[in-house]
Each structure stands twice: as structure tokens, then as C-alpha cells.
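The analysis underlying the following values was restricted to heavy atoms, covering all of them including side chains, and did not include hydrogens, waters or symmetry mates.
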Amino acid sequence: REILPQDRELYWAVNRGSDVDGKDVGQLLCDGANPTVPIRIPWKSDTERSAISFAKALVESWTNFQDQLQKRQLCPHQARDWDSVHCSFLYVCSSEEEAEEFAQMFLEDLEMKKHVVALLTAAESVWANARPSTRTLCSDNFLYGRGVICP
């Protein structure tokens, strides 16, 4: 299967944690984006990574960071070096209330990322059973020709 524009858009929506041109992850999946298609990342030594593998790695990384914070296993420079603005809250906030606000934002972002992983995992199972169409399928939203792989 060729890489379609919506496959790339899905990868970047997951990567940035935001919509791409007003489309969120769910809408991109409904548009036929395949979360298992490896997308080439040229500035990372031509690495290829799928949207679902990126999302799972991100959630694992954030969850590990959360666990280390809760266990007080990080020193200040490690929290400041973390790649998320939300994660440095313990060391840059001027008050306990501000730290709680940033902590809440971090936890909400983590839950959103877990939700995205659940969506991508469900779509992955749908795409695992995708087969080339034996006939032309036409609906209000899609047109698939014979031989086109569709979920």
C-alpha cells in the first residue's frame, strides 16, 4: 500500500499532539489513515516510524517520567531537560497552586495521549484484516476501486 496524505497527516498529528488542518486523529482515521504505515523521517537518519509506534513510545516515556516524579527519583536538571514544558513544573513554579495547575495539565495531556493510543490500536486491528477490494465501493464519503486495500 502506498503512503497516502492522510497517513502522513496522522503521523504528524500524533507527533505534535494536535490537529492537522483542523482534522483530529479520529477524523483522520475515519478518512482512511493507516496508523501502521511507516513514515520516513529524513532528519533522523532516514528513520521510519508509524504513528502507532510513535504514540506508544510517547505514552511509555511520559508514564515513566510520571512514575519517577512520584517516587522523587529525578533531580532538578533531569526535570528541566524533559522535552515537555509541563514536566518542569516542580522546579519553575512560584507557588504550590501553580505547581498543582501544571501537574493537572500534564496528567490531562497524558490521558489524552493514552486515548489516542487506544484509538490507534483499534484502527490497527481493523487494518490488520484489510484486504484488496474485489469490486468498486462507493459511498457518500469514499470511493475505492477494485484492488484498493481498504479496511
(request) Just jot down the side chain to side chain donor-acceptor pair (under 3.5 Å) partners of Glu108, sequence neighbours excluded, or say none. (result) Gln104
(message) Could you walk me through whether Arg8 and Ile3 satisfy the side-chain contact (heavy atoms from CB on, under 4.5 Å) test, starting with their C-alpha distance in whole Å, then the side-chain angles of each, then the deciding distance to 0.1 Å, before giving a yes or no?
(response) CA-CA 7 Å; Arg8 277 192 174 77; Ile3 297 173; 3.3 Å; yes
(request) Over all heavy atoms of both residues, which pair between Leu29 and Pro35 is shortest? Give the atoms and the distance, please. (result) CD2-CD, 4.1 Å
(message) When you measure from the side chain of Trp12 to the backbone of Asp7, do you find a donor-acceptor pair of N or O atoms at a distance under 3.5 Å?
(response) no
(request) Quick one: closest heavy-atom pair of Arg49 and Ala57, and the distance? (result) NH2-CB, 3.0 Å
(message) If I take atom CG from residue Asn34 and atom CG from residue Leu28, how far apart are they, to the nearest 0.5 angstrom?
(response) 12.5 Å
(request) Compare all side-chain heavy atoms of Leu120 with those of Leu10 and state whether any distance is below 4.5 angstrom. (result) yes
(message) Tell me every residue that passes salt bridge (charged side-chain N to carboxylate O under 4.0 Å, His left out) with Glu111, counting only those two or more places apart in sequence or in another chain.
(response) Lys114
(message) Among residues at least two apart in sequence or on other chains, which ones pass side chain to side chain donor-acceptor pair (under 3.5 Å) with Thr63?
(response) none
(request) Could I get the full list of side-chain contact (heavy atoms from CB on, under 4.5 Å) partners for Lys56, not counting sequence neighbours? (result) Ile52, Val117, Thr121, Glu124
(message) Let's go through Trp62 and Asp109 carefully: what are the C-alpha distance in whole Å and the side-chain angles of both, what is the deciding distance for side-chain contact (heavy atoms from CB on, under 4.5 Å) to 0.1 Å, and is it a yes or a no?
(response) CA-CA 10 Å; Trp62 279 42; Asp109 283 352; 3.6 Å; yes
(request) Determine the minimum heavy-atom distance between Pro38 and Glu48, stating which atoms define it. (result) CB-OE1, 3.7 Å
(message) Please find the pair of heavy atoms, one from Ala122 and one from Ser125, that lie closest to each other, and give the distance.
(response) O-OG, 2.7 Å
(request) Check the pair Leu58 / Val116 against side-chain contact (heavy atoms from CB on, under 4.5 Å), numbers first and verdict last. (result) CA-CA 11 Å; Leu58 188 62; Val116 167; over 6 Å; no
